[in-house]
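Position 1 is the first residue of the sequence, and the numbers go up from there. All values derive from a computational prediction rather than experimental measurement.
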Amino acid sequence: MDTSTEAETERVVFVTEDGVPTGETGPKLASHHAETRLHLAFSCYVLRRSDNALLITQRAPHKKVWPGVWTNSVCGHPAPAEALETAVRRRAAYELGLPELEDLESVLPTYRYRTPPFQGIVENEFCPVFAAWTDVDPRPNPEEVGGWRWISWADYTQWITDPMTDASYWARDQFAQLKDKKPFSAL
């Protein structure tokens, strides 16, 4: 699929503070700016079943929002009327080349954040967080992912809490809530 066409036609779903769709949507790229409205999104942490390693990814350097920054496995926006679980699976297949995620579960169903400006853009999302499992290495789409690696949870904990690490705002913010939740608390 032509990624420029997809990026230009993809729409975000605007929501209330409680994550309830308002009935309004907007073009994904044009909706992200200094005054980004609250919209629906998701984050997913993919773990490798064989050794419990976490997949972290680097956002492609040409992305409009947070280019080149390292983050959790996959993030995205559900299409209008698309279930969050369906959106997670769609984006994992598209971005990571992982069409099969096992045991996908919501771990932070009401997570909400707003970033400080980053290169002139504020991210403002009601963003349920998921965990999933695989034993397959990703085959990432270079339009979406600039780099990737598997990392132990202990090493991730050290990495994400280091203020010098080039990690996304949301990955840092989510960590504080994820570290005490299963499956992460058992790793």
Side-chain angles (χ1 to χ4, degrees), residues 1-47 55-57 59-60 62-67 69 71-115 118 121-134 136 138-145 148 168-171 173-174 177-178 181-183:
M1 174 180 274
D2 176 14
T3 56
S4 63
T5 302
E6 178 172 308
E8 292 167 6
T9 60
E10 194 174 350
R11 299 191 68 79
V12 296
V13 175
F14 297 117
V15 295
T16 67
E17 288 293 325
D18 296 326
V20 178
T22 64
E24 299 171 277
T25 66
K28 181 178 120 175
L29 291 179
S31 294
H32 288 83
H33 45 71
E35 301 295 327
T36 304
R37 281 180 62 187
L38 181 61
H39 58 277
L40 188 58
F42 67 83
S43 285
C44 184
Y45 291 74
V46 177
L47 298 156
L55 176 65
I56 60 172
T57 59
R59 295 171 62 81
H62 55 270
K63 288 185 74 85
K64 178 180 177 183
V65 180
W66 294 75
V69 173
T71 194
N72 55 291
S73 309
V74 63
C75 303
H77 303 88
E82 182 181 33
L84 281 167
E85 293 82 359
T86 303
V88 171
R89 292 181 188 284
R90 174 178 56 82
R91 291 306 295 184
Y94 177 73
E95 288 188 26
L96 302 175
L98 291 176
E100 308 254 348
L101 295 178
E102 300 171 7
D103 300 323
L104 179 65
E105 66 175 312
S106 176
V107 292
L108 295 175
T110 60
Y111 176 72
R112 157 86 167 88
Y113 75 102
R114 185 177 195 278
T115 67
F118 183 83
I121 295 175
V122 170
E123 192 60 270
N124 188 15
E125 297 181 335
F126 187 92
C127 183
V129 179
F130 292 82
W133 298 85
T134 190
V136 178
R139 297 173 72 188
N141 178 344
E143 292 298 314
E144 299 290 336
V145 179
W148 64 275
S168 70
Y169 175 93
W170 58 90
D173 193 52
Q174 290 166 0
Q177 296 175 52
L178 287 176
K181 293 203 175 285
K182 288 184 180 180

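Distance check: R90 CZ to H77 NE2 gives 10.5 Å after rounding to the nearest 0.5 Å. Taking OG of S106 as the reference point, atom CG of L84 lies at 8.0 Å (rounded to 0.5 Å). Between E35 atom CD and N124 atom CG the span is 9.5 Å, to the nearest 0.5 Å. The distance from atom OG1 of T134 to atom CD of E102, rounded to the nearest 0.5 Å, is 6.0 Å.
Ring geometry for F42 against F130 counts as perpendicular: the plane angle is over 60°, on a 0 to 90° scale with 30° as the lower cut.
Under a 4.0 Å N-O distance rule, the pair R59/E144 does not qualify as a salt bridge.
S31 places a side-chain N or O within donor-acceptor distance of the main-chain N or O of P27, the cut-off being under 3.5 Å.
Just one of D173, V129, N72 meets the side chain to side chain contact (heavy atoms under 4.5 Å, CB included) condition when paired with L178; it is V129.
Using a 3.5 Å distance cut-off with no hydrogens or angles, the side chains of Q174 and Y45 do pair a donor with an acceptor. Under the 3.5 Å distance criterion, with hydrogens and angles disregarded, a donor-acceptor pair is assigned to the side chains of H39 and E125. With no hydrogens or angles considered, no side-chain donor-acceptor pair links T115 and W170 at under 3.5 Å.
Counting only heavy atoms from C-beta outward, the side chains of P67 and F118 approach each other to under 4.5 Å.
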